[in-house]
Amino acid sequence: MRGNRSRAIWAAIRKTTSSSYSSSQPSLTSAAAPIESGRYLGLNRPDVWARGSVSGPIIGPIASIPNLDAPSATVIDGKAVAAGIRSHVASEIERMKSVIWKNPGLAVVLVGKRSDSHSFVRIKMKACDNVGIASFTKELPEDCSEDDIVGVVSELNKDPSIHGIIVQLPLPKHLDEERILSFVSPEKDVDGFHPLNMGNLAMKGRQPMFIPCAARACMEVLLSSCVKLTAKNAVVIGRSKIVGLPISMLLQRNHATVSVVHSFTKNPQELTCEADIVITDIGVPEIVRGSWLKPGAVVIDTGTNAVKDPEGKNGFRLAGDVCYEEAVRVASLITPVPGGLGPVTISMLLSNTLDSAKHAYRFA
């Protein structure tokens with residue numbers, strides 16, 4: 001999009017981008033990473049710039065332009081991917097119970113009465129129940145103080161039966177989100193947002209205890225779909241700590257050439273048109289049009305936006321950041337909304353919680 005309309009849209013997006021981590025956080029030592037985190041981190045290869053290496057082609061031939069009169073993309077069934085992960089998690093929890101008589105525990109700190117937050121938490125609790133993770137929610141009023149939340153988090157950090165702690169986001173505006181998240185123990189930070197986990201994700205050769213669930217879900221979808229990442233051009237639209245920032249780092253670890261498009265980018269459409277892989281993290285419904293995409297691109301849409309629709313449930317429907325009806329005619333592989341990345345993200349939360357319990361109990 002160009003001109004005044006584009007600037008207005010991206011100006012609105014600026015309000016949703018994450019603030020930087022506080023420089024006042026204490027230094028922390030790294031703990032051993034959970035068992036399965038290495039699958040998404042890629043091989044630790046040195047950067048070697050061979051003479052003349054940048055002059056030749058490093059990207060494979062562009063896919064032939066599809067017939068734009070009919071859908072061409074393979075649609076990723078996120079529910080099927082998630083079902084496989086949940087089945088594995090459930091069987092591992094059963095094995096843990098039979099061997100050491102223990103099961104994982106997850107606690108969610110929920111502040112205020114936001115209906116969407118309460119809905120997301122109910123989905124997480126139900127998913128935990130289905131695989132055998134003990135879970136509970138600690139609710140706090142909208143006007144609570146940061147110290148109130150920190151007190152709750154500190155008590156959960158000490159509880160040996162709790163292996164995962166989530167502070168449900170977003171928090172009310174009067175609360176310092178980053179300060180609160182920094183008090184979650186890195187070994188129980190199953191959302192992967194603690195500065196230690198984010199920092200280790202960014203550092204070559206280091207492993208975080210946990211990878212943020214949505215970013216890990218993106219990688220799972222790409223890897224399970226046999227998408228080659230090395231030397232591919234990837235564009236990540238958005239840079240939140242939930243998706244954009246961690247997935248850009250994971251793609252780089254897997255040796256993709258990554259461009260991050262954000263609210264200050266002057267030519268988002270031009271950059272996206274060159275991408276073999278497009279991952280969106282914007283929160284603006286259907287902003288990415290079919291004309292933004294290179295024929296044959298892989299499109300991972302992490303957006304979940306409520307759009308008014310008289311025919312939808314309660315007068316709304318869910319839409320992604322990508323205009324699906326247009327993109328499906330151009331892309332080679334695409335995630336739908338709903339039914340795409342969402343179920344996989346929830347499954348990754350279950351997997352992270354299981355990994356944390358295994359680490360705590362030294363259970364292999």
Side-chain angles (χ1 to χ4, degrees), residues 13 16-18 20-21 33 36-43 76 78 81-82 85 169 189-195 197-204 206-225 227-263 265 268 271-272 274-284 287-288 292-293 297-304 320-322 331 333-335 337 340-349 351-352:
I13 299 172
T16 67
T17 56
S18 298
S20 62
Y21 284 105
E36 297 188 17
S37 63
R39 167 173 163 78
Y40 309 99
L41 298 177
L43 298 175
I76 297 171
V81 175
I85 298 167
L169 304 178
D189 173 39
V190 290
D191 263 341
F193 297 153
H194 191 281
N197 284 321
M198 279 290 194
N200 281 338
L201 181 59
M203 295 176 68
K204 193 172 184 179
R206 301 288 293 273
Q207 285 194 340
M209 281 293 295
F210 303 101
I211 298 170
C213 300
R216 187 177 172 188
C218 289
M219 289 300 300
E220 178 63 31
V221 165
L222 291 169
L223 295 175
S224 64
S225 300
V227 176
K228 294 182 179 180
L229 301 177
T230 299
K232 295 297 183 180
N233 285 335
V235 166
V236 178
I237 309 179
R239 51 180 174 174
S240 77
K241 64 174 171 288
I242 297 173
V243 188
L245 177 61
I247 191 59
S248 66
M249 293 189 287
L250 286 169
L251 289 168
Q252 288 182 75
R253 278 180 172 249
N254 284 271
H255 314 294
T257 302
V258 183
S259 299
V260 177
V261 171
H262 50 75
S263 56
T265 303
L271 288 171
T272 306
E274 299 297 320
D276 303 293
I277 301 164
V278 177
I279 299 177
T280 67
D281 170 33
I282 311 172
V284 177
I287 188 174
V288 177
W292 287 41
L293 303 174
V298 174
V299 179
I300 308 296
D301 188 349
T302 74
T304 305
D321 297 332
V322 178
L333 196 66
I334 190 170
T335 56
V337 177
L341 205 71
V344 188
T345 300
I346 296 295
S347 296
M348 288 306 177
L349 171 62
S351 182
N352 277 354

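Below, each value reflects all heavy atoms present in this structure, side chains not excepted, and no hydrogens, waters or symmetry copies. Numbering starts at 1 and runs along the sequence shown. Only a predicted model underlies this, so the values are computations on that prediction, with no experimental measurement involved.
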Do [X] and [Y] come within less than 4.5 Å of each other through their side chains, counting heavy atoms only?
X    : Y    : value
M348 : P212 : no
I247 : T302 : no
I282 : V288 : yes
C218 : L341 : yes
D191 : C213 : yes

From [X] [atom1] over to [Y] [atom2], what is the distance, rounded to the nearest 0.5 angstrom?
X    : Y    : atom1 : atom2 : value
L229 : L251 : CG    : CG    : 6.0 Å
L222 : K232 : CG    : NZ    : 12.5 Å
I279 : M219 : CD1   : CE    : 8.0 Å
I211 : M198 : CD1   : CE    : 10.5 Å
N197 : R206 : CG    : CZ    : 11.0 Å
L169 : S240 : CG    : OG    : 10.0 Å

Backbone N or O of [Y] within a donor-acceptor pair of the [X] side chain at under 3.5 Å?
X    : Y    : answer
N233 : D276 : no
H194 : G192 : no
S225 : V227 : no
D281 : I237 : no
R253 : A202 : no
S351 : S347 : no

Nearest heavy-atom neighbours spanning [X] and [Y]:
X    : Y    : result
G238 : V260 : O-CG1, 3.9 Å
P246 : L201 : CB-CD2, 3.7 Å
V278 : T272 : CG2-CG2, 3.8 Å
V243 : A215 : O-CB, 4.3 Å
L250 : R216 : CD1-N, 4.5 Å
T265 : H262 : OG1-N, 2.9 Å

Donor-acceptor pair between T335 and D301 side chains, under 3.5 angstrom | no

